Q: 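After the structure tokens below, expect a handful of questions from me.
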Amino acid sequence: MQGQRGAMEPARLFLGILCASAALAASSLHQRPPQPEFLLQEPELELGESPSGSLWPLPRSLRILPRQLQLAPARFQLVHGPGSTAGPGCGLLQDAFRRYYEYIFGYSKWQNQGQRPLPAGTELLQLQVIIGSKDSECDNYPNITSNEACEYLIWYELFSLILLGLETFSQLVYEDDYGTFLINESEITDYPRFAHRGILLDTSRHFLPLKSILTNLDAMAFNKFNVLHWHVVDDHSFPYQSVTFPELSGKGSYSYDHVYTPTDVHLVIDYARLRGIRVIPEFDSPGHTQSWGKGQKDLLTPCFNGEHWSGSYGPVNPILNTTYHFMTDLFKEISGVFPDAYIHLGGDEVDFTCWKSNPDVTEFMKQQGFGIDYAKLESYYIQKILDIVSSANKGYIVWQEVFDKGVKIKPDTIVEVWISSLYTTELSRVTGAGFTTILAAPWYLDYISYGQDWKKYYSIEPLNFPGCEKQKKLVIGGEACLWGEFVDATNLTPRLWPRASAVGERLWSSENVTNIQDAYNRLVKHRCRMLRRGIAAEPLFVGYCDPEYRGR
Amino acid sequence: FSLLSSESVWGALRGEAAFSIWDFYLNKTDIVDFPRFAHRGLLLDTSRHYLPLRAILETLDVMAYNKFNVFHWHIVDDPSFPYESAAFPELSRKGAYNPATHVYTLNDVKLVIEYARLRGIRVISEFDTPGHTLSWGPGAPGLLTPCYAGSIPSGAYGPVNPILNTTYQFMTELFREVSTVFPDFYLHLGGDEVDFTCWRSNPKIQAFMQWMGFGQDYAKLESFYIQRLLNIVSSYGKGYVVWQEVFDNGVKVKPDTIIHVWRENAGPYQQEVARVTKAGYRALLSAPWYLNRISYGQDWQAAYQVEPLEFEGSPEQKALVIGGEACMWGEFVDVTNLTPRLWPRAGAIAERLWSNKTVRDLQDAYIRLADFRCTLLRRGIPAQPLFTGYCDAEYSGF
């Protein structure tokens with residue numbers, strides 16, 4: 001161990017460490033509460049101090065002690081502790097140590113070399129990270145069963161939790177007026193309430209340059225989101241460059257440089273992995289596939305005006321064998337590219353008009369004995385896709401219509417609830433039928449409005465629906481969705497953050513963490529912290545950060 | 001060769017802006033262009049959130065591309081006082097969010113004015129009183145009215161105190177400086193949303209009201225203050241723009257006062273414009289153009305479809321509408337989201353104020369505005385998308 005004066009009782013120092021400071025440095029705080037605003041109807045929140053400092057999301061259990069410890073940038077280290085099954089060969093942790101050192105010290109205005117002598121026993125020299133499990137999972141990808149319980153005093157963490165713990169630790173360190181880095185002794189037990197905490201990005205309505213996706217992954221890590229739901233293709237453009245079917249993006253992307261090459265995709269997946277984030281791709285079908293038809297002849301259903309082709313196309317054509325050969329090959333590739341155990345298959349908003357107009361489809365309906373119930377045809381298609389994906393050894397997530405229309409799906413299907421009217425009833429129905437579910441309906445962040453709408457996202461209680469205990473357990477989490485009709489790299493980050501942070505706490509913290517005023521006090525500081533880390537999160541309300549956003 | 005001729009250098013600048021948006025090929029074209037309205041403004045609020053200088057300068061650049069010609073700088077308000085005054089340095093020292101970093105020095109202000117001038121943009125500063133002045137209080141003790149709870153001061157403060165001579169001495173000195181620093185003929189003096197509650201609670205003010213014979217009509221007290229303020233400002237050879245309440249409350253203002261119509265919840269704004277112009281005053285329209293009020297979808301269309309002269313009035317009245325301003329109030333806006341929130345939505349208003357009344361086709365406007373938006377991206381301006389689609393060069397300047 002390095003460091004002279006503070007090294008007297010190192011072992012005890014580390015055990016007593018951690019978590020949550022009661023007061024953050026005054027230099028980054030607002031001096032004056034914001035004034036009431038005439039234009040807004042609701043009573044405004046006055047900025048104050050939270051007893052939990054600036055922690056976001058709030059840990060499950062938190063105990064703050066008054067004793068302060070100092071950290072010296074020149075001497076403090078993040079290290080692998082004794083007995084850990086991970087060591088310097090664990091690239092993921094090495095990367096994280098470097099990143100978090102920078103987050104903690106790198107943005108300080110005061111390049112203080114620390115000439116003041118420190119009283120003995122008050123310096124924190126190390127944060128030791130110890131992984132207790134036999135398989136340290138260092139090079140694996142995070143999945144839904146990653147053990148996400150975090151208890152600092154007893155080091156039983158797997159690496160994704162380590163990452164989350166590092167984030168919390170970095171949120172505890174603060175500066176005093178002299179630029180000294182401080183942390184209060186405390187005890188934290190932390191683990192998420194919900195296992196699936198996702199952000200949906202739409203790269204079809206607008207192409208998102210790689211850098212904006214990566215920046216967003218950073219922001220997700222700061223907010224303990226662990227799933228990127230990548231809605232990569234849709235009607236408007238097909239930016240995913242498929243190796244098996246290069247014409248899909250060749251003809252379907254907006255242009256030659258509005259594509260994600262295999263290298264790009266791999267970069268996103270790995271960047272996410274280093275932050276404990278899973279990447280679940282969505283290849284939505286049979287609807288939302290206009291752009292697929294440009295590069296894949298005969299994939300989409302030709303629509304008819306009476307006896308003649310109208311010139312337009314509809315959903316994927318479910319009656320041709322070629323469709324299923326194509327899907328088999330495509331999903332084989334996708335399953336190889338994306339390591340997560342799940343793929344999102346879409347299945348939303350299928351418009352039957354085109355199918356109804358097509359005489360071959362009508363004939364097929366007769367042969368199959370479907371009558372005029374096109375939901376049966378949709379069911380027929382979806383089931384075949386599900387089988388294809390299953391045989392590629394992947395699980396699947398679908399939008400709620402697949403369930404609503406009575407499609408026969410395997411019991412381990414995850415159903416994502418997105419239609420906002422009566423979504424609580426839908427949750428009852430879906431879990432009542434025994435399916436695992438993800439909630440997105442109240443969290444469509446693309447629906448902007450004037451004022452502090454983060455409050456309404458924060459006050460959603462996912463388990464507030466009629467149902468028994470067993471049903472409630474089937475809700476594994478939720479997603480904040482940023483659909484891309486009006487969003488691209490020019491406005492993505494301020495539109496997503498810090499509004500999505502409200503969803504992040506709702507999915508992580510305890511059910512009884514509902515105090516809006518306390519949340520406001522912490523979120524304002526958390527937002528300023530995101531600015532310091534290069535995320536252009538927009539303001540919650542009147543006020544300031546020191547420094548203001550410097551990215552541009 | 002191409003010929004760009006204009007009677008003044010300002011016209012030439014606008015012509016330059018027009019030329020620049022054609023890329024590499026120029027069809028032989030004759031263009032005759034001049035604005036429909038003379039006052040085409042944009043308001044930025046640097047009190048609710050401090051805007052770094054580069055954000056203001058970038059906004060001026062894009063204003064020039066859009067042919068806006070007035071920068072309405074709502075520089076101070078309740079939450080913070082970032083203007084560094086030479087006569088009263090304590091105002092920003094005590095009133096800015098951080099007097100070391102969140103201020104505009106005199107050099108900053110001069111830079112903004114000159115940068116704007118080179119782009120043909122006037123800078124009209126707004127020092128809003130008697131309301132919206134909480135941040136003035138810490139640096140100017142005695143300026144604001146102490147509110148009372150019964151017979152003792154409550155500790156809170158209200159609008160500027162209109163009954164003290166020291167108030168008018170202060171305003172005389174402050175506006176002497178402001179009139180010198182800002183070269184435009186006009187200053188915006190605010191006068192909006194004056195809450196009378198605090199005045200009513202203060203016994204000295206009650207006494208003053210009686211002495212002056214104002215009864216219980218506090219609009220008369222407001223009028224008393226504003227008139228004296230207007231006289232102070234006039235004595236420095238400046239004209240003034242005021243928010244509509246000054247007119248609505250019957251304050252006696254000089255005939256060359258410009259009334260700024262902003263309220264959306266006090267009856268249809270068209271009626272207010274009719275009233276203002278009927279009384280012979282010039283009017284500026286902002287009510288339907290509050291760009292800070294965001295909503296889902298293509299809200300640029302509603303802004304575009306506003307017709308400023310669509311109100312009941314004579315041609316003489318209509319001639320008194322000299323233009324309008326797009327307003328970006330700062331409660332929820334700072335440098336992280338200012339530019340995408342402003343552009344290209346403000347562009348819809350820019351066309352409404354420049355182009356012919358008959359230019360109203362939404363489909364055509366969409367095509368041109370979407371194209372113009374891609375031009376802004378090429379110039380490094382993160383203007384947000386109008387709708388689904390793409391630009392050849394997407395925004396990459398993170």
Side-chain angles (χ1 to χ4, degrees), chain A residues 27 30-40 204-209 211-212 215 235-237 253-255 257-258 446-452 484-495 497 527 531 534-552, chain B residues 47-52 54-55 58 77-80 95-98 100-102 132 134-135 138 193 195 265 290 292-298 329-341 343 373 377 380-398:
Chain A
S27 60
H30 304 223
Q31 304 297 341
R32 208 167 291 109
Q35 301 306 322
E37 173 51 47
F38 287 78
L39 292 174
L40 304 169
S204 173
R205 274 59 178 261
H206 282 97
F207 180 78
L208 295 179
K211 191 145 183 235
S212 70
T215 303
D235 282 328
H236 295 88
S237 76
S253 67
Y254 279 136
S255 85
D257 38 16
H258 289 71
D446 56 317
Y447 286 158
I448 56 170
S449 58
Y450 182 69
Q452 293 197 50
E485 284 83 353
F486 302 100
V487 173
D488 76 357
T490 57
N491 60 357
L492 179 120
T493 303
R495 190 160 292 192
W497 309 102
R527 181 246 168 186
L531 291 200
I535 307 296
E538 65 177 10
L540 287 176
F541 192 51
V542 172
Y544 73 107
C545 292
D546 232 330
E548 297 292 351
Y549 181 64
R550 284 203 178 122
R552 299 177 40 243
Chain B
S47 174
R48 275 59 180 261
H49 283 97
Y50 178 79
L51 293 177
R54 67 178 190 283
E58 181 186 84
D77 201 299
D78 281 329
S80 77
Y97 280 137
N98 180 332
T101 55
H102 287 58
H132 286 281
L134 285 176
S135 68
E193 297 183 309
D195 185 358
N265 57 357
Y290 267 33
N292 54 310
R293 291 211 163 247
I294 57 172
S295 57
Y296 182 71
Q298 296 197 50
W329 294 102
E331 284 83 356
F332 303 101
V333 174
D334 76 356
V335 70
T336 56
N337 60 357
L338 174 76
T339 303
R341 193 161 291 191
W343 314 104
R373 182 248 168 184
L377 289 201
I381 309 294
Q384 67 180 17
L386 286 177
F387 192 50
T388 305
Y390 71 105
C391 293
D392 284 324
E394 296 292 357
Y395 182 66
S396 61
F398 292 87

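Treat the numbers as computed from the prediction; the structure is a model and nothing was measured. Chain letters run A, B, ... following the sequence lines, proteins first, then strands; residues in each count from 1.
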Q: Does the side chain of D488(A) reach to within under 4.5 Å of the side chain of Y395(B), using non-hydrogen atoms?
A: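 Contact flag for D488(A)/Y395(B) side chains = no.
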Q: Measuring heavy-atom distances to chain A, does L386(B) have an atom under 4.5 Å in its side chain, in its backbone, in both, or in neither?
A: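 Backbone only.
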Q: Do E394(B) and H206(A) get their side chains close enough for a donor-acceptor pair, meaning under 3.5 Å?
A: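 No.
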Q: Would you kindly say whether H102(B) and E548(A) are connected by a side-chain donor-acceptor distance under 3.5 Å?
A: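 Short answer, yes.
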Q: Taking side chain as everything from C-beta outward and backbone as N, CA, C, O, which of these in L540(A) sits under 4.5 Å from a heavy atom of chain B? Side chain, backbone, both or neither.
A: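 The backbone, not the side chain.
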Q: So F486(A) and F387(B), would you call those rings parallel, tilted or perpendicular, with 30° and 60° as cut-offs?
A: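 If you compare the ring of F486(A) with that of F387(B), the planes turn out tilted.
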Q: What I'd like to find out is whether the side chain of T101(B) reaches to under 4.5 Å of the side chain of P547(A), using heavy atoms alone.
A: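 Counting from C-beta outward, T101(B) and P547(A) never come under 4.5 Å.
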Q: Report the option among I535(A), V487(A), D446(A) that has the most heavy-atom pairs separated by less than 4.5 Å from atoms of chain B.
A: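 It is D446(A).
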Q: So which part of A393(B) gets closer than 4.5 Å to some heavy atom of chain A, the side chain, the backbone, both or neither?
A: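 Looking at A393(B), nothing touches chain A.
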Q: Mind checking whether V542(A) and Y97(B) have side chains closer than 4.5 Å, heavy atoms only?
A: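 The answer is yes, as the side chains (C-beta and beyond) meet within the 4.5 Å cut-off.
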Q: Does a side-chain heavy-atom distance below 4.5 Å link F541(A) with E331(B)?
A: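 Side chain of F541(A) against side chain of E331(B), heavy atoms only: contact under 4.5 Å found.
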Q: Answer yes or no: is there a side-chain heavy-atom contact under 4.5 Å between R527(A) and T336(B)?
A: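 A side-chain contact under 4.5 Å exists here.
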Q: From R341(B) CZ over to I448(A) CD1, what is the distance, rounded to the nearest 0.5 angstrom?
A: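 Answer for the CZ-CD1 pair, R341(B) versus I448(A), is 6.5 Å.
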Q: Could you tell me which portion of H236(A) (side chain, backbone, both or neither) has an atom closer than 4.5 angstrom to a non-hydrogen atom of chain B?
A: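 Looking at H236(A), just its side chain touches chain B.
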Q: Looking at every heavy atom in both P385(B) and N491(A), which two are closest together, and how far apart are they?
A: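 What the structure gives for the nearest pair is CD-ND2, 4.1 Å.
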Q: When rounded to the nearest 0.5 angstrom, what distance separates OH in Y544(A) from OG in S80(B)?
A: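 Nearest 0.5 Å value for the OH-OG distance: 10.0 Å.
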Q: Indicate, with yes or no, if the rings of Y447(A) and Y296(B) have centres closer together than 6.0 Å.
A: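 Between Y296(B) and Y447(A), which both carry aromatic rings, the centre distance is below 6.0 Å.
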Q: Select one option (side chain, backbone, both, neither) describing which atoms of D257(A) are under 4.5 Å from chain B's heavy atoms.
A: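 For D257(A), side-chain heavy atoms alone lie under 4.5 Å from chain B.
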Q: Quick one: which of L377(B), D334(B), L338(B) has the most heavy-atom pairs under 4.5 Å with chain A, could you say?
A: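 Going by pairs under 4.5 Å, I would pick D334(B).
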Q: I want to check something: taking the side chain as every heavy atom from C-beta on, are N337(B) and P539(A) in contact at a cut-off of under 4.5 Å?
A: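 Yes. Closest side-chain heavy atoms under 4.5 Å.
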Q: Yes or no on side chain to side chain contact (heavy atoms under 4.5 Å, CB included) for R373(B) and T490(A), after CA distance, side-chain angles and deciding distance?
A: CA-CA 11 Å; R373(B) 182 248 168 184; T490(A) 57; 3.6 Å; yes
